[in-house]
Number of protein chains: 2
Amino acid sequence: MSRIPEVLKEQVDRIAEAIIYLYTESRRLTKDQAAKVGLTGPQLTVVKILDELGDLSLSELSDRIRAQNSTVTGIVDRMEREGLVDRKRSAEDRRVVHIQLTDKGQKLARGLNFEPFSIFRHAIQQALEPQELLQLLGLLDKLAKWVRTEVEGESTGERTKKRASNDDD
Amino acid sequence: MSRIPEVLKEQVDRIAEAIIYLYTESRRLTKDQAAKVGLTGPQLTVVKILDELGDLSLSELSDRIRAQNSTVTGIVDRMEREGLVDRKRSAEDRRVVHIQLTDKGQKLARGLNFEPFSIFRHAIQQALEPQELLQLLGLLDKLAKWVRTEVEGESTGERTKKRASNDDD
DNA sequence: GAAGAAAACTTCGCACACGAAACATCGCCG
DNA sequence: CGGCGATGTTTCGTGTGCGAAGTTTTCTTC
């Protein structure tokens with residue numbers, strides 16, 4: 001069961017710390033950048049995704065940004081209020097709502113020269129050698145895969161419904 | 001400027017994705033676990049930290065959990081309401097508020113057999129060989145260090161005041 | 001030792017973020 | 001056709017999470 005000597009416990013903690021640090025700091029900086037063009041962090045992400053992929057249903061959007069539908073409803077509400085996106089009922093399935101960028105939203109998206117979490121991406125590129133980069137990717141993939149199977153297998157029959165169809169993201 | 005061939009752009013994105021995935025999924029699971037004992041995610045973290053380190057001022061607590069004072073004020077408010085912690089004005093410096101676990105809070109903390117982000121820690125231990133673990137730590141430290149200097153150097157004189165005193169965490 | 005800067009908290013307003021419940025629509029099965 | 005479970009979205013209540021402004025206390029500096 002325990003492949004890892006007790007001595008490495010501290011290292012495990014430091015890895016966790018580092019990931020938490022990288023994530024929170026990146027989010028904070030993304031938010032700052034977004035604020036300069038009048039957006040919030042999540043709104044910036046939505047604008048970029050819609051510009052890249054075209055219209056999406058609210059559920060598809062939720063999957064993309066790893067949030068619940070109820071969360072995204074709120075984000076879209078505020079973006080609609082600002083005239084950045086429109087809601088369009090689907091003709092084929094009238095339960096579905098398609099979210100689309102307005103002209104204003106699209107213009108905004110294309111005028112941006114940064115991505116969400118860009119500090120993060122910069123760090124990866126600037127701080128690491130190509131070979132290290134690939135190493136890191138391999139290790140993180142291994143971790144992510146382990147978590148994925150654990151999460152989907154573990155739950156006692158409940159709570160597994162969502163987030164089961166992530167193949168390529 | 002760009003040490004990285006264009007080909008690796010996709011790998012960079014995948015690294016970012018992986019970290020975001022690991023963080024958000026861990027947080028979600030931590031929250032689920034905490035809910036079983038009537039706590040929220042951040043509350044679980046606070047309880048564990050206070051049990052481990054003893055009383056802390058609100059600012060020290062903020063640093064530990066990487067949140068702003070105004071956020072922690074709210075968390076402590078609700079925990080105080082639930083009788084998990086007490087606020088004590090410091091005698092030496094009457095601006096300072098010490099947060100301490102109540103008996104109830106301490107009993108709760110010690111009854112828990114899991115840590116915040118424990119899925120995460122498990123993944124690190126179970127999915128990786130000791131040697132990979134050290135490799136990963138090295139790479140993440142490198143990234144974190146780069147971000148740290150970038151963040152503290154970059155800003156045009158503003159917004160750097162906070163978060164300058166992290167040496168060992 | 002008093003004016004003013006600085007530090008520690010709190011308050012306020014806003015934007016996520018989630019789960020549970022409500023609602024509308026679709027699909028199927030008889 | 002008509003029920004009826006499943007699916008897509010919204011609503012609601014609660015809990016973060018942040019920055020700006022406000023309050024109290026301490027520190028500085030003259």
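- Contact annotation: the side chain of A:Glu25 never approaches that of B:Arg66 to less than 4.5 Å [non-hydrogen atoms, C-beta and beyond].
- Under a 3.5 Å cut-off, the side chain of B:Ser118 and the backbone N or O of B:Phe114 do not form any donor-acceptor pair.
- Within the 4.0 Å cut-off from OP1 or OP2 of D:dT16, at least one side-chain nitrogen or oxygen of B:Arg78 is found.
- You'll find the side chain of A:Leu136 reaches within 4.5 Å of the side chain of A:Leu140, heavy atoms only.
- Taking the six-membered ring for Trp and the full ring otherwise, A:Tyr23 and A:Phe117 have centroids separated by under 6.0 Å.
- Along DNA chain D, the nucleotide nearest to B:Glu82 and the one nearest to A:Lys31 differ in position, and the one closer to the 5' end is contacted by B:Glu82.
- The CD atom of A:Gln106 sits 10.5 Å away from the CD atom of A:Gln100 when rounded to the nearest 0.5 Å.
- Within the structure, a side-chain polar atom (N or O) of A:Arg27 is placed less than 4.0 Å from OP1 or OP2 of C:dA17.
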Which atom pairs, one a donor and one an acceptor, fall under 3.5 Å between side chains of residues 37-51 of chain B and the rest of the protein, sequence neighbours left out?
unit_1, atom_1, unit_2, atom_2, d
B:Thr40, OG1, B:Gln43, N, 3.3
B:Gln43, OE1, B:Thr40, N, 3.4
B:Thr45, OG1, B:Gly41, O, 3.2
B:Asp51, OD1, B:Arg110, NE, 3.1
B:Asp51, OD1, B:Arg110, NH2, 3.2

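- Only at 4.0 angstrom or more do the heavy atoms of residues 33-43 of chain A sit from any atom of DNA chain D, so none qualifies.
- In this structure, B:Asp32 atom CG and C:dG19 atom C1' are separated by 10 Å, rounded to whole Å.
- Atom CD of B:Glu92 and atom P of D:dT26 are 10 Å apart (whole Å).
- Side-chain N/O atoms of A:Arg81 include none lying less than 4.0 angstrom from OP1 or OP2 on C:dC14.
- The separation between B:Lys88 atom NZ and C:dC9 atom C1' is 17 Å, rounded to whole Å.
- Atoms CZ (B:Arg66) and P (D:dG17) sit 13 Å apart, rounded to a whole Å.
- Within the 4.0 Å cut-off from OP1 or OP2 of D:dT24, not a single side-chain nitrogen or oxygen of B:Arg94 is found.
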How would you summarise protein contacts on nucleotides 2-13 of chain D per nucleotide, using B for base, S for sugar-phosphate only and - for none, with heavy-atom distances below 4.0 Å?
----BBSBBB--
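- The separation between B:Met79 atom CE and D:dT16 atom C1' is 13 Å, rounded to whole Å.
- No side-chain heavy atom of A:Thr71 sits under 4.5 Å from any side-chain heavy atom of A:Ser62.
- Ion pair A:Asp77/A:Arg87 flagged as a salt bridge, since at least one NZ, NE, NH1 or NH2 atom sits closer than 4.0 Å to an Asp/Glu carboxylate oxygen.
- With rounding to whole Å, B:Gln68 atom CD is found 13 Å from C:dA8 atom P.
- Using a 4.0 Å cut-off between a side-chain N of Lys or Arg and a carboxylate O of Asp or Glu, B:Lys104 and B:Glu82 do not qualify as a salt bridge.
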